[in-house]
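Here is the structure we will look at, set down as structure tokens.
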Amino acid sequence: MSSNHASLDAASTDRKARLAKLAALKRKQPEPDTLPDAGADEDETDKSPDVTTSYLSGRNYDAETRGPKLGFEQGPQEGQLTVEAQAAEIADTVKEQAKQDEDADQPIDLFKLQPKKPNWDLRRDLDEKLKTLNVRTENAVARLVRQRIENAQRAAKERGAGSSGDQQGEEVGIEGEMLVEGIHMREQEDKDEETI
């Protein structure tokens with residue numbers, strides 16, 4: 001067992017020595033061998049890597065500024081809407097509202113609280129019941145218009161047949177003026193229903 005211990009000790013010291021040697025090499029900066037010759041290109045010296053970029057590394061070192069990284073450039077919550085910011089805004093609005101209420105000291109205006117039309121809820125409930133009635137009304141109006149057209153056609157046929165027996169009468173619908181009048185009357189009825 002002591003031989004194992006001795007061999008492990010020796011291996012450990014050898015490893016430590018090698019690590020120390022590597023650390024020393026890493027820290028040691030290479031010395032220029034010779035000065036560049038007068039005939040050599042200057043581009044070759046520019047192509048040689050910078051010592052700081054090749055040998056210096058680390059989490060806290062910034063090679064561009066040649067100094068330590070001091071932390072975040074901007075906070076993790078910067079530019080984001082947080083709950084704390086929302087709470088602060090709400091608190092501000094509540095404070096402003098409280099100041100306005102204290103300054104006002106006026107009674108509540110009941111006309112602002114009531115709806116503009118007092119029967120709005122009744123009309124809302126009544127609209128659903130009136131759907132079937134509206135359909136029936138539209139059908140009745142259409143039926144009356146058809147009857148008027150048929151009566152006008154019959155009258156036109158009788159006038160056409162009575163005045164000239166050899167000429168066949170064309171089917172004539174409702175006259176233009178009567179049709180326009182009917183449309184205007186229907187629109188007026190719709191407007192009256194809306195205002196009620």
Side-chain angles (χ1 to χ4, degrees), residues 53 57-65 67-196:
T53 57
S57 65
R59 292 181 291 199
N60 297 331
Y61 180 75
D62 188 9
E64 292 176 6
T65 60
K69 291 181 184 176
L70 299 176
F72 294 110
E73 292 188 16
Q74 79 182 69
Q77 295 178 352
E78 189 173 320
Q80 295 180 357
L81 188 61
T82 60
V83 176
E84 292 83 7
Q86 289 176 348
E89 289 176 11
I90 291 171
D92 291 340
T93 56
V94 168
K95 286 179 185 177
E96 290 175 10
Q97 185 67 29
K99 286 180 183 178
Q100 290 176 357
D101 290 343
E102 288 175 4
D103 293 341
D105 284 337
Q106 294 177 354
I108 297 174
D109 188 12
L110 295 178
F111 290 108
K112 290 181 182 177
L113 293 178
Q114 68 183 357
K116 292 182 180 173
K117 292 186 178 182
N119 63 349
W120 68 271
D121 56 339
L122 299 174
R123 291 182 60 86
R124 179 195 61 207
D125 295 338
L126 193 62
D127 283 340
E128 297 209 10
K129 294 177 182 177
L130 285 177
K131 284 182 183 177
T132 56
L133 185 61
N134 288 337
V135 171
R136 290 180 184 172
T137 304
E138 289 174 4
N139 290 338
V141 168
R143 189 178 67 239
L144 289 173
V145 168
R146 271 190 245 116
Q147 286 177 357
R148 279 188 187 172
I149 292 173
E150 289 173 3
N151 291 338
Q153 287 176 349
R154 282 188 210 136
K157 282 183 182 179
E158 290 174 3
R159 278 186 279 156
S163 63
S164 61
D166 58 353
Q167 195 179 47
Q168 290 185 354
E170 289 183 5
E171 284 193 25
V172 178
I174 192 168
E175 293 179 11
E177 293 176 9
M178 290 178 60
L179 181 62
V180 172
E181 255 182 64
I183 291 172
H184 287 302
M185 287 176 52
R186 179 69 178 154
E187 289 175 354
Q188 186 65 30
E189 290 173 0
D190 289 341
K191 287 180 184 177
D192 291 342
E193 286 177 7
E194 289 177 6
T195 56
I196 295 177

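Heavy-atom basis, side chains included; hydrogens, waters and symmetry copies ignored.
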Got a second to check how far [X]'s [atom1] is from [Y]'s [atom2], nearest 0.5 Å?
| X | Y | atom1 | atom2 | result |
| --- | --- | --- | --- | --- |
| Thr93 | Gln100 | OG1 | CD | 10.5 Å |
| Asn139 | Leu144 | CG | CG | 11.0 Å |
| Asn134 | Thr132 | CG | OG1 | 8.0 Å |
| Glu193 | Leu130 | CD | CG | 9.0 Å |
| Glu138 | Leu133 | CD | CG | 10.5 Å |

### Task
Could you tell me whether the side chain of Glu187 reaches within less than 4.5 Å of the side chain of Ile183, counting heavy atoms only?
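The answer is yes; the side chains approach within 4.5 Å.
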### Task
Could you check if a side-chain atom of Asp190 sits within less than 4.5 angstrom of a side-chain atom of Arg186, using non-hydrogen atoms only?
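A side-chain contact exists here, since the closest heavy-atom pair is under 4.5 Å.
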### Query
Glu96 and Lys99: side-chain contact (heavy atoms from CB on, under 4.5 Å), yes or no, with the steps?
CA-CA 5 Å; Glu96 290 175 10; Lys99 286 180 183 178; 5.7 Å; no
### Task
May I ask you to check whether over 12 heavy atoms, not counting those of Arg136, lie within 6.0 Å of atom CZ?
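Result for CZ/Arg136: open.
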### Query
Is it true that atom CD of Glu128 has more than 12 heavy atoms of other residues, nucleotides or ligands lying nearer than 6.0 Å?
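For Glu128, atom CD is not crowded (no more than 12 foreign heavy atoms under 6.0 Å).
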### Step-by-step side-chain contact (heavy atoms from CB on, under 4.5 Å) determination, Gln153 to Ile149
CA-CA 6 Å; Gln153 287 176 349; Ile149 292 173; 3.8 Å; yes
### Task
Only counting residues at least two apart or in another chain, list the ones meeting side chain to side chain donor-acceptor pair (under 3.5 Å) with Asn151.
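Result, side chain to side chain donor-acceptor pair (under 3.5 Å) vs Asn151: Arg154.
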